Each structure stands twice: as C-alpha cells, then as structure tokens.
2 protein chains.
Amino acid sequence: MTPPILTIGDDILTARQKDVLDAALGLLVEGGDGLTMTGVARRASCSKETLYKWFGDRDGLLTATVQWQAAKVRMVPVDRERLDKRALGIALEKFARDLLSVLSGDASVALNRLAVSHAGQEKRDLGMIVLENGRYAMGRRLKPVLDAGRDAGLLKFEDCEDAFRSFFGLVVRDVQIRLLLGDRMKLDEKTILDDARRAREQFFALYGA
Amino acid sequence: MTPPILTIGDDILTARQKDVLDAALGLLVEGGDGLTMTGVARRASCSKETLYKWFGDRDGLLTATVQWQAAKVRMVPVDRERLDKRALGIALEKFARDLLSVLSGDASVALNRLAVSHAGQEKRDLGMIVLENGRYAMGRRLKPVLDAGRDAGLLKFEDCEDAFRSFFGLVVRDVQIRLLLGDRMKLDEKTILDDARRAREQFFALYGA
DNA sequence: CATCAACCGTACCGTACGTTACGGTTCGGC
DNA sequence: GCCGAACCGTAACGTACGGTACGGTTGATG
C-alpha cells in the first residue's frame, strides 16, 4: 500500500518536514500556548528561516499541521458486503466506537480548539479544513452504509444526510462540546463501548425498517 | 421581580459597568480580533485605567463579559403542572426550540469560541463558566421535567442524566460544532421548529413508556 | 578539493497589545 | 466655593512574537 501523500503547495512532504509538523502537533497538544514559530523551531531543531521557506507563514504552518494530523487519522472503512441486520449493526457500532475514540483524543481536542478559535476570522480557514476532514468526512464514509441498509430493507429514512446527523447526535451527544470547553470527563474503553452499543440500539429503534 | 444581580468580586454591577460589558460583547460578536483593552475602552468611551480598576486584568474583563451574557440568557422555565403526554411534549419541544435558538445565536457562537480557545490553559477557566451556564444549566433545567414525566408514567429511563444527554444529542446533533468551526449553515425559524418537533418525536420513541 | 545549495542557530526589527502612569475634567458632599 | 474621589483621554513602557537577515556548517556533486 502506498503511503498517504500530503502536499504543501505542489510538493509532497519530506520526512524532515513531517518531523517538523509532528513537533508542532506535540506543542499544540501540550497546550495552546507554546505553539509559536520559535517554539516549533526549537522543538524540531530547525531554523525559523526554514519554517518560513517551507510553510510561508504561521498560518501555512498551522494549516499544514492540521492536514498532517487529519491524514494520520484514517478510520478503517466499513464494508457493505453481506448486509444483514447483524452486519449492519456491527458496522454502525464500530463506526461509533471509532468516532468517539478519535473525538476524545488529545490531538482531536487540541486541533478542534485551534480551528474553532481561528474560525470567524477571514484568513485561511482552519475551521473548514477540520470540518472537511472531520464531520464531513464522517458523513461521506457512513452514508454508503446507510444507503446500503435502506436498499437491503433494513433501514427506513427519507434523507440520508438527516439520518446520519441523527446518528451523529446519538453517538456524540454532548461529549465533544464538553471536551472542547475543558470538561475533564472520563471516556474510558468501557464507556465508549457502552455508548456505541446504545447509539446503535437507539438508531435502529428510530430508523429500523 | 428583582433584576438579576451579577457580581464582580463582592460588588454588584453598576449600569455603567454593564455598558462596558455590552461594548465588549459587541466587539466579541463582531469578530474575535478587535476585542482588546484599547478596543473596549474606545467602544465604551471609558479609560483603560477604569477597566483595570473594575476588572483587574484582561482575563477578569473576559470573565465578567461571559457571565454578563450568561445572565442575559434566561430561558423561560418549564412548568411541571398538569403533566400529560401532550403537555410534556410541548415542554420538551419548547425547550428544544429555545436551545437551538440560543445555540445558533451570534453571541453564543462568539462566546463559545472564546471559551473553547481559552480552555486547556490554566488561567481563570472561561470554559468552565460557559459549561456551568450553558450545558450544565440546561441539564438542571430539564431534569425536573424528565423526572416528572417518569413519575407520571409517561417516560421510562434509568438514569435521568443519560436521558437528558440523549435528548441533547437529538436536538443539537452536529449543529453546534459546525457553527463553531465556521460552517455557514442556515438555521431559520422553520428549520428550528422542524428540528424541535423531530427531536421530541424521536425522544418519545426512545424513552416513551 | 572546489562549489553550491540547504539548513541551523542566533541576532535583529517592527508591531501589537497588556499594563501603568499622569494630567485634566466632572461631580457629589461639606 | 473647596476638596477629594472617580473617571476620561492619551502617552508611555515592557514584552511576546511574527517575520527577516546573516554567518557558519554540512553534505552532495563534479
């Protein structure tokens, strides 16, 4: 399998550049402050001149960092073969587990904080990048499964987008906003498993045929 | 009825101080930048010396601003008299409408952006203030209704907190995170009404006795 | 070895902004 | 009218940080 290719402008990322972005990610996760050009240069043992040469300006570095992290988060795709109710339920539950795991991770929280704080200003819109690689990517990934479930007579809904949004709500509930606002809620393995199962059951109760 | 009392340290807010906080709110809503001490002083026609005398430092001003806005958002309480299924449904649906209206307002989005970007740093935790006056206050307000619904044999759940979280998920879904990330989604009157009705129906389908 | 590009480390510059200081003005109390 | 407190407007200070410049080093190429 070919490694994922991430581009900066027209060029692909070198290993050294990935190291720099990992350094930026580390600083970002350790706390919003500290993520300065000087800080990244020191952490990555590179010069600020190099940072500006590679990424243009601070916004370019942040954008590349967000995209780099997004490229690392690759949830395993759900297959739509042999679709009976049990297989569909397993697929939905696994999707819910992956979603909760990613969402509650330090990197996701830090990245969404950064993107939220930068949204609303014009600039290069980090918010849109996170939306595109987060919420929207989730929808694109699950919708084929939902459609297949409807085609197989297992689910019943008019608007696939709407059905996905309800599933999203049943899975995430208030978890993301609470984490973003600094609520130290525990989301251990068992909690995630239970939440995913509950979301699957509730979704079937609402949209099962 | 006595006006709500908001304190700064041990003193209550004077009208002039409220004007200052409204100026800060205006700048905040107009865009994250611009909310500087100089900007607030200019907008409110007061001196920076006064700002520091009243609010201590920038964090104090931001904290007071957040609390001031929170004090302005007072959703009408839901009464638990004459509780039949229809009355309960109306109460839930109204709660959902109010929640969506507040959540999608400019002030709420701006305030949550500010709080999210300040969460995670130690400091005076704006995130906790917003959580306390937002998400947690919603729970405290709706839980009596849910409990009354269960006592009246209209609802069925084990954990009231869990039931509320599911209702929250059904109402809010992906709206808040998308707005915070800068998604320009339309949430007009009709959309809110439809979403509230759907949330009520789905909640009854899941938790109706 | 000579050359050249890439890069590291550091010093430097300009600006934005939080914070403080101060002179001038208003206003209530005596 | 006099005094002091509160406050306005503005100037000034210190610092953090984005961005730039430059000398020194490394490493590949011929």
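This is a predicted model, so every value here is computed, not measured. The sequence lines fix the lettering, A, B, ..., with proteins before strands; numbering per chain opens at 1. Keep in mind that the numbers below use all heavy atoms, side chains included, and drop hydrogens, waters and symmetry copies.
Applying the 4.0 Å criterion to OP1 and OP2 of dC17(C), one finds that Arg42(B) has every side-chain N and O outside that range. Remark: Trp54(A) is in phosphate contact with dC7(C), judged by side-chain N or O atoms under 4.0 Å from OP1 or OP2. In this structure, Arg58(B) does not reach the dT20(C) phosphate: none of its side-chain N or O atoms is under 4.0 Å from OP1 or OP2. Remark: Ser47(B) is not in phosphate contact with dC7(D), judged by side-chain N or O atoms under 4.0 Å from OP1 or OP2.
dT19(C) atom P lies 10 Å from atom CG of Leu61(B), rounded to whole Å. Between the CG atom of Leu27(A) and the P atom of dC17(D) there is a distance of 12 Å, rounded to whole Å. To the nearest angstrom, C1' of dC17(C) lies 14 Å from CG of Asp57(B). Rounded to an integer number of Å, the gap from CD of Gln17(A) to P of dC8(C) is 11 Å. Remark: C1' of dG24(C) and CD of Glu49(B) are 12 Å apart, rounded to the nearest angstrom. In this structure, Phe55(A) places its CZ atom 16 Å from C1' of dG19(D), rounding to the nearest Å. Between the C1' atom of dT15(C) and the CE atom of Met37(A) lies a distance of 16 Å, rounded to the nearest Å. For the pair Asp19(B) CG and dC8(D) P, the interatomic distance rounds to 11 Å; values are reported in whole Å.
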Asp59(B)/Leu126(B) under side chain to side chain contact (heavy atoms under 4.5 Å, CB included): CA gap, chis, key distance, verdict: CA-CA 9 Å; Asp59(B) 257 23; Leu126(B) 292 186; 5.8 Å; no
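Each of dC8(D), dG18(D), dG9(C) was ranked by its minimum atom distance to the side chain of Ser45(A); first place goes to dG9(C).
Under the 3.5 Å distance criterion, the side-chain polar atoms of Arg140(B) are left unmatched by any main-chain donor or acceptor of Met138(B).
Salt-bridge formation is detected for the pair Asp98(B)/Lys94(B): a Lys NZ or Arg NE/NH1/NH2 atom is positioned less than 4.0 Å from an Asp or Glu carboxylate oxygen. Using a 4.0 Å cut-off between charged side-chain N and carboxylate O, Asp183(B) and Arg135(A) make no salt bridge.
Place Thr36(A) and Ala44(B) on DNA chain D by their nearest nucleotides, and Ala44(B) ends up nearer the 5' end. Ranked by how close their nearest DNA chain C nucleotide is to the 5' end, Lys48(A) and Lys53(A) are led by Lys53(A).
Here the options are Lys72(B), Arg43(B), Gln17(B), Gln69(B), the test is side-chain hydrogen bond (donor to acceptor under 3.5 Å, both in side chains), and the partner is Asp22(B); only Lys72(B) passes.
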